[in-house]
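Working notes, structure below.
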Amino acid sequence: MFRIRSKVKYKKTNKRRDSSTSAEIEIEMDSDEDVSTVLPLSQRPEWSDVTPLPQNDGPNPVVPIAYSEQFAEIMSYFRAVYLADERSVRTLHLTAEAIHLNAGNYTVWQFRRVIIEVLNADLHDELDLVEQLASKNSKNYQLWHHRRWVAEKLGTEAVSRELEFTKKIFLNDAKHYHAWSHRQWVLLNLGGWEDELAYCNELLEDDIFNNSAWNQRYFVITRHPKLGGIEATLDSEVDYTIKAILTKPENESSWRYLRGLYKNNMQSFVTNPKISTLCLDVLTSKVYPVFALSLLLDLISNGFEPNQDLKNAIEAVVPESNSEGLDIAATICTVLEIIDQMRVNYWGWRKNNLHSQVAEGVANLNIH
Amino acid sequence: MESSSSSAAAVAVAAEREPTVSQKEQWALESQVFHIYQLLYNIPPNSQAAMLELQRDSHMEYLVKGLRHLGPSFSVLDANRPWICYWIFHSIALLGESVDIALENNAIDFLSRCQDQHGGYGGGPGQMPHLATTYAAVNTLITIGGQNSLASINRAKIYSFLRRMKHTSGGFSMHEGGEVDVRACYTAISVASVLNILDEELVQGVGNYIVSCQTYEGGIAGEPGSEAHGGYTFCGLATMIIINEVNLLNLASLTDWLVFRQGVEGGFQGRTNKLVDGCYSFWQGGAAALIQRLHAAAAGSASSEVSDDEDSSDREEGQPSDDESSIPIRRHTETEPLFQSQALQQYILLCSQVEGGFRDKPGKNRDHYHTCYCLSGLSVAQYSRSKDADSAPLPGSLLGPYSNLVEPVNPLYNIVLDQYDEARDFFSKAPAL
């Protein structure tokens, strides 16, 4: 099987469309990745037996796309072989050409997988293909789904390459959603957990506001086959998180992580003195208080009784906030209504629903 | 005492560290956005109204043009053409407009060519059926409305397609051999519900799958273990409401996560510590609207236990039939929205709106997707304090001139209410499969 290759390299600046939103983006691309499409299919002898099938758009289609000649031709040949269900080396190559022109065509990707299985084609070529495409536009479901399919077939031998691949993506975009999902899938299905917690530490060291890294941390401590789950790691995770919170009290990620650690363990949360100390420290330091207050509200709803120091610190956030002599939970809501304006309605709703929350919270304590 | 002062010291020292990537990006965006808002605050009220005006004519021009012609760079959306149809037709409907009958018929014809002989719609003629493009096609046809449009949908075939897409996890695959995630659940269940073909076989296991996708943060992820995300949160929440299993979710933590997604800019972010984006005006704003209705429904049923309910006849009118979602869509609020409606409208109108279409944020280009979801979010925000689902918003809810008012939607499906009603009526009378 041969392909026409030209050694001409040229840079072109292309206007492309983001394939999930259709926004225009400008990117530079090398030409040699799709050089093999330079010669039209109709002029390639190896395709002379195939009659291209034009698209059945009808006489007056809406949202008609002004395809390039090359695009229209490749897709017409694809339609023909897809309908004929031809699974061969030439159709394998054709799917690559089609994919390079539109990596969002899931029909072409699916057919490619069918051909790969029939031909028992080299799966490492698939990893290369995906990497090549990812460098142009990695925000594409089909690409990642294909990668997962390939990795599953390769099995545990693929672990380090997959973890490296996602790491490379994170160098450019540490919150890349598809890449994180893929990395999690690899860990769950193929293993490679050994350095994952350390990797989370690294990412959080770089950017403590990286919520994807916090999410990954949670994933590791709950699913790592050898860490013992949340129960075993709770104390060290709490210490780690409190330190992170004190470093950046305005960082929502760390506060939510802290709550997450106690998700099914409200009683321990309420009775752990480190938590109330944390809130007191944050409130008295006069840094961003919203998350500390919000956390206290939840704790009190679950039976926590703040001491006088804490009550004073709460009321000090907005002096005169408790002129009505409300209970402390209602006071917190009042304070939040004032200092967290964007959520004024939410805090008002919390205030009106305190009693049902407290009742529910106390009931939870009794169960656990 | 000791630990208190050393922690306080730690806090002070840490504050001097070099800003992180997240912080730099956030501050850059805030600076752009606040610059725009400053322009607004510094001009007299008459000029403010003009700055806040919804540019109806230019949006219509952009939208209709897209229906008639798309340039070669749209080739990367060649497997998403029903989506482009939906984004455009829904936007036009939100503006209270319509296109000429010929164009409507062309759309109905085109979509029928996207229909697979074994059921479902693909991204274009000759493409495999896909759940997302099926959702988009069905929603488009309902938005166009009318006998021809609705009758062109082959319910029986769609049902068999949905059954084939059912996955052992309880969720759905997007297409044969495709990915399984919360989006697939939503698109499948939404279509089944709106076409009145939802049954136990389709619903079975969906609830548990979505529950497994709710994260420690409270929001919902695309797959179990992934990060809480606005798009998937909308999909998960809407699905759970449709199948009447919303109480399996931890609604308190979902609500808490959700309200904190509205940033100082007024718009919504998709994930914690990420940047706001106009499209989340609907994904997050719509989810907030759904929760608001759940709260109102809960408050309503609680009060009816206590006293004679004079409004019970109103409530009955709002009660859906047995095979539908169990929250009243029509009469929903005497509650405040969970988010700041005016702030959201301000972000949409001043930061996302451009001359012909909408964009993610300043600095990004417009596109039909953002046009659709910014307008949808605008609708949700404008009607967030309405007494009834389709009555005029209360004064003070609407930002800008009265001409800014768009059509109300059913937030479960994101279809304009009038069109949804027509479809519900049509498909409730359709023969059983």
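What you see below is based on every heavy atom in this structure, not just the backbone, and it leaves out hydrogens, waters and symmetry mates.
- If you tally non-hydrogen atom pairs under 4.5 Å between each of A:Ser68, A:Ser181, A:Gly348, A:Pro61 and chain B, the highest count goes to A:Ser181.
- Residue contact with chain B, scored on non-hydrogen atoms closer than 4.5 Å, involves the backbone and the side chain of A:Trp214 alike.
- Between B:His368 and B:Tyr62, the ring planes lie parallel to each other; the angle is under 30°, not in the 30° to 60° tilted range.
- A side-chain N or O of B:Asp78 and one of A:Tyr67 form a donor-acceptor pair less than 3.5 Å apart.
- In this structure, chain B has no heavy atom under 4.5 Å from any part of A:Gln216.
- Among the candidates A:Asn60, A:Asn211, A:Asn210, A:Asn345, the residue making the largest number of heavy-atom pairs closer than 4.5 Å to chain B is A:Asn211.
- Within residues 264-273 of chain B, the residues that have a heavy atom under 4.5 Å from a heavy atom of chain A are B:Val264, B:Gly266, B:Arg271, B:Thr272, B:Asn273, listed by number.
- In terms of non-hydrogen atom pairs under 4.5 Å with chain A, the most contact-rich of B:Gly218, B:Ser226, B:Gly357, B:Ala343 is B:Ser226.
- Counting heavy-atom pairs closer than 4.5 Å to chain A, the top residue among B:Glu179, B:Arg113, B:Gln262, B:Met174 is B:Arg113.
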So B:Ser75 and A:Asn102, side-chain hydrogen bond (donor to acceptor under 3.5 Å, both in side chains) or not? Walk me through it. CA-CA 6 Å; B:Ser75 297; A:Asn102 174 16; over 6 Å; no
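- Taking B:Ile101 as the reference, B:Glu104, B:Asn105 meet the side chain to side chain contact (heavy atoms under 4.5 Å, CB included) condition, with sequence neighbours excluded.
- Ranked by non-hydrogen atom pairs under 4.5 Å with chain B, the options A:Glu252, A:Lys263, A:Gln341 are led by A:Glu252.
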